[in-house]
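Keep in mind the model is a prediction, meaning the values are calculated, not measured.
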Number of protein chains: 2
Amino acid sequence: MSSDRSSPKQESSSGHNRVLDEAERLFRMRGYNAVTMRDIACEVGIRQASLYYHFASKEQLFVAVTERMFERHRIGLQQAIGENSHDLRSQLHAASVWFLSQPPVHFLSMVHTDMPLLAEENVKKLSACSYQSIFEPLRQTFIQAQERGEIRDIRPNWLAGFFLSVMESIPYATTFPGAAPKEVMVNEMIGVLLDGLKPE
Amino acid sequence: MSSDRSSPKQESSSGHNRVLDEAERLFRMRGYNAVTMRDIACEVGIRQASLYYHFASKEQLFVAVTERMFERHRIGLQQAIGENSHDLRSQLHAASVWFLSQPPVHFLSMVHTDMPLLAEENVKKLSACSYQSIFEPLRQTFIQAQERGEIRDIRPNWLAGFFLSVMESIPYATTFPGAAPKEVMVNEMIGVLLDGLKPE
DNA sequence: GTCTATAACCCGATAGAC
DNA sequence: GTCTATCGGGTTATAGAC
């Protein structure tokens with residue numbers, strides 16, 4: 001359905017955003033290098049060259065896709081944490097529910113495999129974006145829990161990284177035969193973490 | 001396939017192994033897809049076509065490189081754990097010392113980005129190889145600690161994955177400005193983990 | 001906005017000389 | 001064992017018609 005003329009800012013599923021959606025799905029599944037502009041165009045239902053009407057290059061498309069994804073996480077994460085701002089356990093639980101509701105970010109793959117293929121300018125942009133969207137909200141959560149005396153004094157930087165690294169491994173860990181459901185694994189992780197962080 | 005018996009064991013840095021060394025370094029730094037046979041040949045100091053005297057294809061070279069790396073980890077890990085077979089803390093410490101002594105494996109990137117580009121046969125081979133070289137030794141370590149009553153009863157599968165995922169994130173986490181040294185982070189992680197796993 | 005056609009380049013792999 | 005030369009194919013990106 002392509003009636004686009006009337007509404008001035010009708011970008012919901014029109015062209016631009018449709019490209020972003022399919023590109024995000026493919027980039028997430030196979031990484032930046034293994035996805036071709038042909039693949040993306042094919043999923044959208046147009047020809048490869050037509051993509052260049054919407055985005056100037058493959059790299060710019062990837063940056064736009066990734067920035068949009070991080071912004072989604074910033075909003076979702078801040079809302080999840082903010083709605084449970086009383087104790088750390090419910091905050092971490094809400095954060096984990098948010099992560100499990102989203103497709104995996106594959107953050108380490110992105111940093112290690114995708115980023116080095118981009119211009120340094122874009123690497124800086126995406127690194128800053130990931131930091132303030134995902135890392136910083138979690139870091140603040142741990143800092144506040146420490147100020148409330150809920151957990152003992154361990155570098156909040158490290159606690160955020162710890163939590164994220166385990167969350168990132170969940171999609172892989174649950175591919176094992178006989179593995180527990182994601183939710184169970186996450187709750188056990190939070191339990192162990194909070195027990196290990198009890199104040200003296 | 002006949003092999004010449006004239007030279008007894010002169011394969012240390014001779015041709016074949018020299019290719020394996022440089023290929024391993026490049027594949028680890030940039031991943032399978034982003035490294036070309038020309039890159040590898042250039043590092044070895046030969047021409048791209050000459051690589052095909054040693055390995056039948058890029059994929060076979062990657063498989064050989066990765067199998068050799070996992071075998072190294074199997075030996076190193078089993079030795080580190082076996083030499084400290086009295087309490088879990090010293091075993092995990094020894095395992096972490098081993099991992100920090102080696103270049104990072106980038107396991108999640110390998111599974112997510114590199115593996116899907118290989119033939120299914122090779123994916124199975126490398127998956128099995130990674131499991132028995134890295135995952136299974138750690139899993140057995142946790143199982144034995146549970147039998148000794150050192151830690152409470154949590155799926156050993158999950159504990160091994162937990163430990164590994166954090167170890168894998170260390171190379172990235174220590175790129176942050178003002179981050180603690182790797183050894184400090186690992187020791188804090190082991191401390192938190194063991195406190196969180198104390199038996200009732 | 002989408003198309004066709006194509007430029008310009010890089011890749012893995014093979015053939016065959018030395 | 002290493003070389004040169006090259007083939008066939010895939011890639012990003014551009015030009016210009018509709």
Side-chain angles (χ1 to χ4, degrees), chain A residues 1-23 26-27 29-66 113-114 116-119 121-122, chain B residues 1-7 9-23 26-27 29-66 113-114 116-119 122:
Chain A
M1 310 311 156
S2 61
S3 57
D4 53 322
R5 78 182 87 74
S6 55
S7 49
K9 289 269 191 217
Q10 179 65 5
E11 298 192 69
S12 54
S13 212
S14 192
H16 205 81
N17 282 65
R18 181 115 172 69
V19 172
L20 278 174
D21 290 341
E22 298 299 331
L26 288 174
F27 281 141
M29 284 198 307
R30 295 189 247 148
Y32 177 70
N33 209 2
V35 172
T36 71
M37 295 296 266
R38 273 183 174 82
D39 295 333
I40 297 168
C42 180
E43 291 295 299
V44 176
I46 60 178
R47 297 292 181 177
Q48 176 255 147
S50 308
L51 289 175
Y52 289 83
Y53 171 81
H54 300 284
F55 295 92
S57 69
K58 184 185 177 185
E59 177 159 343
Q60 277 207 0
L61 173 54
F62 181 78
V63 171
V65 158
T66 308
T113 310
D114 298 339
L117 301 173
L118 310 180
E121 167 202 359
N122 288 323
Chain B
M1 291 191 178
S2 61
S3 59
D4 71 87
R5 312 280 175 204
S6 55
S7 58
K9 256 320 193 214
Q10 184 60 6
E11 294 193 72
S12 52
S13 216
S14 190
H16 205 81
N17 283 67
R18 182 114 172 69
V19 172
L20 279 174
D21 290 341
E22 297 300 331
L26 289 175
F27 281 142
M29 285 198 305
R30 295 191 247 148
Y32 177 69
N33 210 1
V35 172
T36 71
M37 294 297 268
R38 282 177 173 80
D39 294 333
I40 298 169
C42 180
E43 291 296 300
V44 176
I46 60 178
R47 297 291 180 178
Q48 177 254 146
S50 308
L51 289 175
Y52 290 84
Y53 172 81
H54 300 285
F55 295 93
S57 69
K58 184 187 178 184
E59 176 159 343
Q60 278 207 359
L61 172 54
F62 181 78
V63 171
V65 157
T66 308
T113 310
D114 299 338
L117 302 173
L118 310 180
N122 289 323

query = Taking atom P of C:dT14 as reference, at what distance in whole Å does atom CG of B:L51 sit?
reply = 13 Å
Residues forming a side chain to side chain contact (heavy atoms under 4.5 Å, CB included) with B:T66, sequence neighbours excluded = B:F62, B:M69, B:F70, B:M110, B:L126
ask   = Reading nucleotides 4-18 of chain D 5' to 3', which nucleotides get B (base under 4.0 Å from a protein heavy atom), which S (sugar-phosphate only), which -?
value = BB-----BBBB----
request  = Mind checking side-chain hydrogen bond (donor to acceptor under 3.5 Å, both in side chains) for A:S57 and listing every partner two or more places apart, or none if nothing turns up?
outcome  =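 Testing A:S57 for side-chain hydrogen bond (donor to acceptor under 3.5 Å, both in side chains), a comparison that skips the adjacent residues, returns none.
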query = Which residues pass the side-chain hydrogen bond (donor to acceptor under 3.5 Å, both in side chains) test with B:Q60, sequence neighbours left out?
reply =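 Once residues adjacent in sequence are excluded, B:Q60 has no partner under the side-chain hydrogen bond (donor to acceptor under 3.5 Å, both in side chains) criterion.
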In a table with atom names and distances, give each donor-acceptor pair under 3.5 Å that connects a side chain of residues 44-55 of chain B to protein atoms at least two apart or in another chain.
from	atom 1	to	atom 2	distance (Å)
B:S50	OG	B:R47	O	3.4

inquiry  = Check the phosphate of D:dG1 against B:H16, side-chain N and O only, distance under 4.0 Å to OP1 or OP2. Yes or no?
reply    =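 Answer is no, no contact under 4.0 Å.
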message = Going by salt bridge (Lys or Arg N to Asp or Glu O under 4.0 Å), name the pairs with one or both residues in residues 48-65 of chain B, residues two or more places apart or in two chains.
response = none
